[in-house]
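Contents: one structure, followed by commentary.
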Amino acid sequence: MENENNFEVIIIGGSYAGLSAGLTLARSLRKVLIVDSGFPCNLPAKHTHNFITQEGQDPRQIAEEAKAEISKYDTVQFLYGLAMEGKKIEGGFEIKTQADEVFTCKKILFATGMMDLMPQIPGFEACWGKTILHCVYCDAYEVRNEKAGIMSNGYGAFVTSRVVDHWCKDLTIFTNGASTISSEQQEAIDRLDISVIEKKIAAIEHENGNLKSLKFEDGSSEKVSIIFTAVHAVPHCDIPMSLGCETLERGFLKIDQYQKTSVDGIYAAGDNTSSLRTVARAVGAGMTAGVYINKELIEDEYK
Ligand SMILES: Cc1cc2nc3c(=O)[nH]c(=O)nc-3n(C[C@H](O)[C@H](O)[C@H](O)COP(=O)(O)OP(=O)(O)OC[C@H]3O[C@@H](n4cnc5c(N)ncnc54)[C@H](O)[C@@H]3O)c2cc1C
């Protein structure tokens with residue numbers, strides 16, 4: 001496996017988790033390829049919060065600075081592209097890209113994140129990450145004085161309302177159809193003075209992603225400037241599954257405390273392994289993966 005397309009480690013996904021692992025492996029003198037297709041999940045967001053030293057920073061800027069830092073280590077190469085296939089070969093793995101390039105390595109790290117699927121409500125996608133938000137720890141502080149809504153139903157609406165109410169006191173739940181909130185949960189919601197609107201949502205009215213109001217199927221509308229909601233997310237990359245990596249519920253890759261998946265030589269870090277999706281956690285997990293990949297490579301050398 002001694003050729004220019006052969007690496008000790010291939011990192012698929014060059015965002016926060018992948019870049020963090022890349023830095024650790026670069027500093028461990030490892031020959032690394034970082035393949036990235038350029039679609040981190042927070043692409044629509046203008047600011048990153050709750051990540052120390054970078055408060056309010058443009059998320060792209062954080063990644064660019066990390067790339068610039070890693071580029072100073074000459075054992076790391078970056079490839080802008082999409083990994084399409086992975087294959088187990090003797091002594092490691094083979095990765096094929098959409099451009100039909102083939103690379104081999106001893107260990108792989110999947111730092112490929114999750115893909116958020118937008119509901120089919122006109123205007124939703126334009127507001128996602130700007131005024132339709134999913135994470136209170138990322139954004140609630142900035143919008144604490146806004147007229148806010150929760151787009152959810154049943155138990156999810158109940159739990160989310162209690163959390164969001166901690167920041168936003170002018171709060172309405174939009175169930176987008178008949179409420180499935182239990183009477184006990186509804187009593188708790190009433191005690192917080194949160195109203196529930198059960199009308200079907202026809203569209204999100206906005207200007208350049210700045211939410212103005214929700215328009216309902218009955219023609220009425222309700223002014224609101226922020227919505228908190230959860231969207232369905234799926235793994236951004238299915239190569240780990242095709243290589244036999246086990247998954248947990250909601251598609252997260254099963255890993256141990258060293259970020260190792262259920263398949264020897266394959267590691268995973270970042271959003272693809274955890275529902276607590278934050279930059280700080282992705283960076284920490286990437287660093288952990290880098291450490292244990294290097295450790296395993298050292299141990300392999302003594303076998
Ligand atoms: C709208 C929004 C706002 C957010 N705001 C905050 C915030 O303020 N603070 C905070 O801490 N967290 C925030 N988050 C969460 C944070 O963005 C994620 O936790 C973080 O991006 C996870 O990093 P990651 O490296 O695991 O995955 P991602 O950043 O999603 O990156 C995965 C990378 O893998 C690449 N990839 C996937 N498949 C392939 C393939 N087959 N080949 C090549 N490349 C591939 C993708 O293109 C992408 O670049 C936000 C999330 C969203 C959706």
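Atoms considered below: every heavy atom in the structure, side chains included; atoms not considered: hydrogens, waters and symmetry mates. For reference, positions follow the sequence shown, starting with 1. Read the numbers this way: they start at 1 and go in the same order the structure lists the ligands and their atoms.
Residues of the protein with a heavy atom under 4.0 Å from ligand 1 are Ile12, Gly13, Ser15, Tyr16, Ala17, Val35, Asp36, Ser37, Gly38, Phe39, Pro40, Cys41, Asn42, Ala45, His47, Thr48, His49, Gly81, Leu82, Ala83, Ala111, Thr112, Gly113, Asp116, Gly129, His134, Cys138, His236, Cys237, Gly270, Asp271, Arg277, Thr278, Val279, Ala282, listed by chain and number.
Exactly one residue among Ile150, Ile194, Ile189 makes a side chain to side chain contact (heavy atoms under 4.5 Å, CB included) with Asp165. That residue is Ile194.
Applying the side-chain hydrogen bond (donor to acceptor under 3.5 Å, both in side chains) test to pairs two or more places apart or on separate chains, those with a residue in residues 273-289 are Asp116-Arg277, Asp271-Arg277, Ser274-Arg281.
Between Lys303 and Glu299 there is no salt bridge, since no side-chain N of the basic residue sits under 4.0 Å from a carboxylate O of the acidic one.
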Could you give the side-chain donor-acceptor pairs of residues 222-234 under 3.5 Å, partners two or more places apart or in another chain?
unit_1, atom_1, unit_2, atom_2, d
Ser225, OG, Glu146, OE1, 2.9
Ser225, OG, Lys147, O, 3.2
Thr229, OG1, Met151, O, 2.6

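Partners of His134 by ring-ring contact (aromatic ring centres under 6.0 Å, His included), not counting sequence neighbours, listed by chain and number: Trp128.
Nearest heavy-atom pair, Gly290 versus Thr24, reported as atom, atom and distance to 0.1 Å: C-CG2, 3.8 Å.
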